[in-house]
Amino acid sequence: FAACQGYILSAFSRDGLQFELEPGIRVSPDPTVPHRALRVLAPTIVKCSDTHVKCSDTQWRMYFESRGVAERPTVICSAVSADMLHWTHEEGIRIESVDGMSVGGPRFLLLPDGRGRIYCFVSDALRNENSGQSIMSAVCSDGLNFTWEKGYRLRDKQTEQDSAGITAAEVIPPQVNGDNDRWSMLYSAWQDAPEGTEVPLHPSRDPDAATDADFAAKSIATDIAGYRSRIYMARSPDGLVWERAACAIEGNGYSSDELDAVQSEDMSLIEIEAGQYRMCYAACDRKGNWRIVSAVCRTGTLARP
């Protein structure tokens, strides 16, 4: 939809809390490339010089969700950079579904053997709007050629809270010192609107919305029409088979004035000291305002600053 472009920006901080936007666009769509003609989003970055996942003479590789026209399945593509400001698209597609399903929301994890693993969502919503989204994974040894790992990492529609799908999953491997031999996952789960709720037609399903200047407002109106999203945890002995655990972040709902009252999703983690993490995540209040907020992990719990 021409009225709903998407591109990747950046912001800089000296303390991890106060960020200033950096000028310019880091990665943008390319109307001449069908699979990234309209939107690029959900970046995840790896420092290539520290891994077996090489980037030729560059130091950084970014993987991102890439979208063309609405009828085309989304894919995961990549770009490289020497300074994290100027990025060059790499040719081709890194990950796509063999069954014509959409993939996206990538999160890259360096494995102990030097390979890379991407956790991402897989969705058949183009053919079945009630299909939801589940998490799968793919691995590579060169940063470019990924192979799907068998089965799902985490299926949606297993609880009421993930009845509308899972949008992203970020994984923390076992600690190197051996104090914790379990893998941890944080994932975004969406709960469907209550039965009987009047949900407005999402503009992506409205043939008149392609030229509607109010596309974003209509999309947000759908987001807050009874849906909820929360961030949950899961545990695994090997990074492949997962068991659901506790809820990590949950707003207090439509009666609350919290920044994340209605939606909490699409997290990004950074280790701020050994075993301690800050999570930045997308948050939506009851009026439909989307922001990036953060939480910190102390003694096994997450607390919003």
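With respect to R291 and D285, a salt bridge is recorded, a charged nitrogen being found less than 4.0 Å from a carboxylate O. Using a 4.0 Å cut-off between a side-chain N of Lys or Arg and a carboxylate O of Asp or Glu, E258 and R286 do not qualify as a salt bridge. Contact check on E271 versus R278 returns no salt bridge, with no Lys/Arg side-chain nitrogen under 4.0 Å from an Asp/Glu carboxylate oxygen. The residues D162 and K157 are annotated as not salt-bridged, no charged nitrogen and carboxylate oxygen being separated by less than 4.0 angstrom.
With sequence neighbours left out, Q191 forms a side chain to side chain donor-acceptor pair (under 3.5 Å) with E160, R230. With sequence neighbours excluded, no residue forms a side-chain contact (heavy atoms from CB on, under 4.5 Å) with A246. Not a single side chain to side chain donor-acceptor pair (under 3.5 Å) links S97 to another residue, sequence neighbours left out. Applying the side-chain contact (heavy atoms from CB on, under 4.5 Å) criterion to S255, with sequence neighbours excluded, gives no partner residue. When the side chain to side chain donor-acceptor pair (under 3.5 Å) test is applied to E96, no partner is found at least two apart in sequence or on another chain.
Hydrophobic cluster membership of I224, counting Ile, Leu, Val, Met, Phe, Trp and Tyr whose side-chain heavy atoms lie under 4.5 Å apart directly or via other members: Y254, V262.
No donor-acceptor distance shorter than 3.5 angstrom exists from the side chain of H89 to the backbone of C77, with no hydrogens or angles considered. For the pair S102 (side chain) and T74 (backbone), a donor-acceptor distance under 3.5 Å is present. At distances below 3.5 Å, not a single donor-acceptor pair connects side-chain atoms of S188 with backbone N or O atoms of I231. The main-chain N or O of G105 is found under 3.5 Å from a side-chain atom of E65 such that the two form a donor-acceptor pair.
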Take S141 and R115 through the side chain to side chain donor-acceptor pair (under 3.5 Å) test and state the conclusion after the steps. CA-CA 5 Å; S141 58; R115 294 182 302 156; over 6 Å; no
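Remark: aromatic rings of Y63 and F146 are close, center separation under 6.0 Å.
The environment of CD in E243 is sparse: at most 12 heavy-atom neighbours from other residues, nucleotides or ligands sit within 6.0 Å.
G100 approaches P73 most closely through the heavy-atom pair O-CG, 3.3 Å. For the residue pair G24 and L9, the shortest heavy atom distance occurs at O-CD2, 3.7 Å.
Expressed to the nearest 0.5 Å, how far CG of D260 lies from CD of E250 amounts to 9.5 Å.
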